[in-house]
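Note sheet for the following structure.
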Number of protein chains: 2
Amino acid sequence: MKDMTAFLPYASTANRPPLRPKLAPSGAGASAYATGPKAAKQTQTLRDNDDTELLTLFRNASFEQHFQPGSTVLLHGDPADAIYLVVSGTIRCCTVDSEGRRQIFAFPKKGDFVGVSDIDRWHFTAEAVDHVIVKSIPRLTLEQELAVNISLRLEMRTLMGGLLARRERQMLTLVSTKGPERLYRFLEEFAATRSGGGHIVLPMCRRDIGDHIGLSMESVCRAFSDLKRRGLIDLKSHEKYKLIGNAGRDATPLPLHADL
Amino acid sequence: MKDMTAFLPYASTANRPPLRPKLAPSGAGASAYATGPKAAKQTQTLRDNDDTELLTLFRNASFEQHFQPGSTVLLHGDPADAIYLVVSGTIRCCTVDSEGRRQIFAFPKKGDFVGVSDIDRWHFTAEAVDHVIVKSIPRLTLEQELAVNISLRLEMRTLMGGLLARRERQMLTLVSTKGPERLYRFLEEFAATRSGGGHIVLPMCRRDIGDHIGLSMESVCRAFSDLKRRGLIDLKSHEKYKLIGNAGRDATPLPLHADL
DNA sequence: CGTCGGTTTGATCCCTGTCAAATTAAGTGG
DNA sequence: CCACTTAATTTGACAGGGATCAAACCGACG
């Protein structure tokens with residue numbers, strides 16, 4: 001009762017008043033899958049040379065699932081009975097407090113794992129931003145493999161350690177930098193994973209971005225306008241952007257000190 | 001070069017300009033211990049029934065070390081060659097960016113572990129707030145035990161998962177609540193570990209608190225005054241406080257909505 | 001008793017949340 | 001294909017919280 005960390009209302013944000021799922025017939029269901037397991041388990045043991053242990057496990061013992069935009073991939077408080085690898089699409093991982101305020105701490109996308117940290121129950125909620133395809137491995141399978149595979153154990157520890165380090169760095173940027181710089185860093189980080197010279201498409205809405213970098217929806221818009229006005233980004237449409245690679249970027253990590 | 005996550009300057013905050021270590025002769029040294037290993041390793045295998053695997057390991061295979069206020073327990077970037085258990089005193093764990101801004105994400109105290117997350121190198125810096133005594137276990141010892149002790153493995157995973165969950169919740173409160181409430185929550189959480197009806201002593205300075213809850217030193221002072229004025233805390237001196245347990249605290253998690 | 005570091009308070013400015021309205025985008029049905 | 005509806009983005013106006021600069025206060029210590 002006294003514990004303020006209970007996230008009882010709004011464990012999922014999929015059906016909050018301000019943000020409705022557009023095309024999510026099964027969105028409200030607690031741990032319902034938007035689409036049931038599709039591809040059956042593969043039987044032969046395949047492995048690429050550059051695979052990690054965990055990837056190998058996914059290659060050999062995973063089910064594929066689809067999620068409609070806005071649907072819930074996993075729900076805070078539910079049993080953590082699987083582990084996920086994003087095949088395509090974007091997911092938002094978030095915690096929500098009793099007043100409906102939300103913090104999106106990650107946007108896992110292709111190649112990212114989801115659910116490596118929890119053993120018993122999920123401490124967060126994951127929702128599909130756009131159409132998402134994931135592979136999942138039953139928790140039991142993972143545990144069995146962990147019991148005998150020492151490399152996998154090391155990999156899992158490294159993964160979790162990396163997540164923790166990233167969160168603790170995120171905390172620093174959340175409190176120490178202003179809106180436009182936070183947005184710029186996010187766009188930069190997001191762009192880093194989308195190679196190619198063209199424009200990058202943002203699958204998530206302004207509110208999602210705001211809940212990620214700690215700004216209101218409106219401030220995100222202003223930050224976008226600000227970066228555009230300063231010539232730091234090229235905003236083709238509200239969802240397509242490109243970072244302007246200023247040739248002489250070196251000592252100054254961010255040329256954000258110029259005022260309009 | 002382009003990576004903005006490099007924490008090259010000020011990996012330690014012990015000797016930043018504004019905050020000097022008072023009594024730390026070896027404070028500036030990179031990985032120097034304020035005092036070398038003191039108590040020798042214990043040889044017999046002791047174990048309390050309520051011990052966890054990790055505590056048992058500390059009971060049997062640890063060295064005791066002392067740290068003066070302001071000295072560095074472990075430094076960001078150094079090899080993670082040990083794991084720590086705080087015996088007494090308070091530590092601050094933080095990340096620092098290139099502009100000297102600091103985020104203290106935890107204040108480990110008696111009974112808390114430090115360094116469970118990193119395998120290769122420390123991703124953060126830990127410094128003694130006051131006089132600190134820790135027990136440490138060499139990384140090698142831990143790894144050897146991990147290889148054969150399945151319960152310990154589960155414990156470590158649970159520990160790390162708990163840390164990650166806590167950080168992700170912290171991120172939410174950092175951006176969603178105002179200064180006084182953040183301070184109140186911190187004082188509440190801090191008090192939760194110090195049982196006893198008397199006044200609680202804060203070992204850390206205002207700046208440390210500020211860097212923990214994302215406020216400037218001055219705003220921390222104002223938040224203290226604010227809470228005192230509203231009768232939510234009893235501030236005996238600048239470092240001794242007591243939460244005012246308003247008898248009817250139930251539905252309202254925080255009676256902070258009244259305006260001065 | 002004076003010095004020094006930390007704390008507190010004051011004055012001011014800027015960022016950002018909030019409320020509101022305008023604009024654009026995306027469907028939907030005729 | 002166009003009118004209509006609805007959601008999302010953008011911009012504007014305004015107020016409040018907190019950072020910053022500065023000064024006063026306070027306690028520890030030699």
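Naming convention: chains lettered A, B, ... in sequence-line order (proteins, then strands); numbering from 1 in each chain.
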- Query: Can you find a pair of side-chain heavy atoms, one from A/His238 and one from A/Leu202, that are under 4.5 Å apart?
  - Reply: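 A/His238 does not reach A/Leu202 side chain to side chain.
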Would you kindly give the [atom1]-to-[atom2] distance between [X] and [N], to the nearest whole Å?
X: B/Leu183; N: D/dG17; atom1: CG; atom2: C1'; value: 15 Å
X: A/Glu239; N: D/dT10; atom1: CD; atom2: C1'; value: 15 Å
X: A/Met217; N: C/dT24; atom1: CE; atom2: C1'; value: 14 Å
X: B/Arg222; N: D/dC21; atom1: CZ; atom2: P; value: 13 Å
X: A/Arg207; N: D/dT10; atom1: CZ; atom2: C1'; value: 15 Å
X: B/Tyr241; N: C/dT7; atom1: OH; atom2: P; value: 15 Å
X: A/Met204; N: D/dT9; atom1: CE; atom2: P; value: 11 Å
X: B/Leu215; N: C/dT8; atom1: CG; atom2: P; value: 14 Å

- Message: Main chain of B/Val220, side chain of B/Arg206: is a donor-acceptor contact present, judged purely on distance under 3.5 Å?
- Response: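 Not a single qualifying donor-acceptor pair exists.
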- Task: Return no unless some side-chain N or O of B/Arg206 is found under 4.0 Å from OP1 or OP2 of C/dT8.
- Result: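 Yes, B/Arg206 has a side-chain N/O under 4.0 Å of OP1/OP2 on C/dT8.
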- Between A/Ser219 and C/dT16, is there a side-chain N or O to OP1/OP2 distance below 4.0 Å?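 Indeed not, no polar side-chain atom of A/Ser219 lies that close.
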- Under the side-chain hydrogen bond (donor to acceptor under 3.5 Å, both in side chains) rule, what do A/His66 and A/His131 come out as? Steps first, then yes or no, please. CA-CA 7 Å; A/His66 288 236; A/His131 184 93; 3.0 Å; yes
- Could you walk me through whether B/Leu243 and B/Leu232 pass the side chain to side chain contact (heavy atoms under 4.5 Å, CB included) check? CA-CA 6 Å; B/Leu243 298 173; B/Leu232 291 170; over 6 Å; no
- Candidate pair A/Glu127 and A/Arg92, rule salt bridge (Lys or Arg N to Asp or Glu O under 4.0 Å), full reasoning: CA-CA 5 Å; A/Glu127 298 162 345; A/Arg92 57 172 178 257; 2.7 Å; yes
- Query: Taking five pairs at each end of the helix from C/dC1-D/dG30 to C/dG30-D/dC1, what angle separates the two helix axes (nearest 10°)?
  - Reply: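 End-to-end axis angle for the helix from C/dC1-D/dG30 to C/dG30-D/dC1: 30°, rounded to 10°.
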- Task: Looking at every strand, decide which applies to A/Ser225 at a 4.0 Å heavy-atom threshold: base, sugar-phosphate, or nothing.
- Result: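 Result for A/Ser225 = sugar-phosphate.
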- Message: Classify A/Gly214 by what it touches in the nucleic acid, base, sugar-phosphate, or nothing, heavy-atom distance under 4.0 Å.
- Response: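 Sugar-phosphate, backbone atoms only, no base.
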- Message: Run the salt bridge (Lys or Arg N to Asp or Glu O under 4.0 Å) test on A/Asp208 and A/Arg102 for me, step by step, so that the C-alpha distance in whole Å, both residues' side-chain angles and the decisive distance to 0.1 Å come before the verdict.
- Response: CA-CA 9 Å; A/Asp208 283 350; A/Arg102 186 175 66 158; 2.6 Å; yes
- Task: Could you pick out which residue, A/Lys178 or A/Lys228, lies toward the 5' side of DNA chain D when each is mapped onto its nearest nucleotide?
- Result: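 Closer to the 5' end of DNA chain D: A/Lys228.
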- Given B/Asp226 and B/Arg230, is the salt bridge (Lys or Arg N to Asp or Glu O under 4.0 Å) satisfied, shown in steps? CA-CA 6 Å; B/Asp226 188 52; B/Arg230 292 200 241 170; 2.5 Å; yes
- Between D/dT9, C/dT16, C/dA20, which one does the side chain of A/Glu218 approach most closely?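 Given the options D/dT9, C/dT16, C/dA20, the side chain of A/Glu218 is closest to C/dA20.
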- Message: Given D/dT10, D/dA8, C/dT16, identify the nucleotide with an atom nearest to the side chain of A/His238.
- Response: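 Of all the options, the side chain of A/His238 is nearest to D/dT10.
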- Between A/Thr177 and B/Val220, who's closer to the 5' end of DNA chain C by nearest nucleotide?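 In this pair, the answer is B/Val220.
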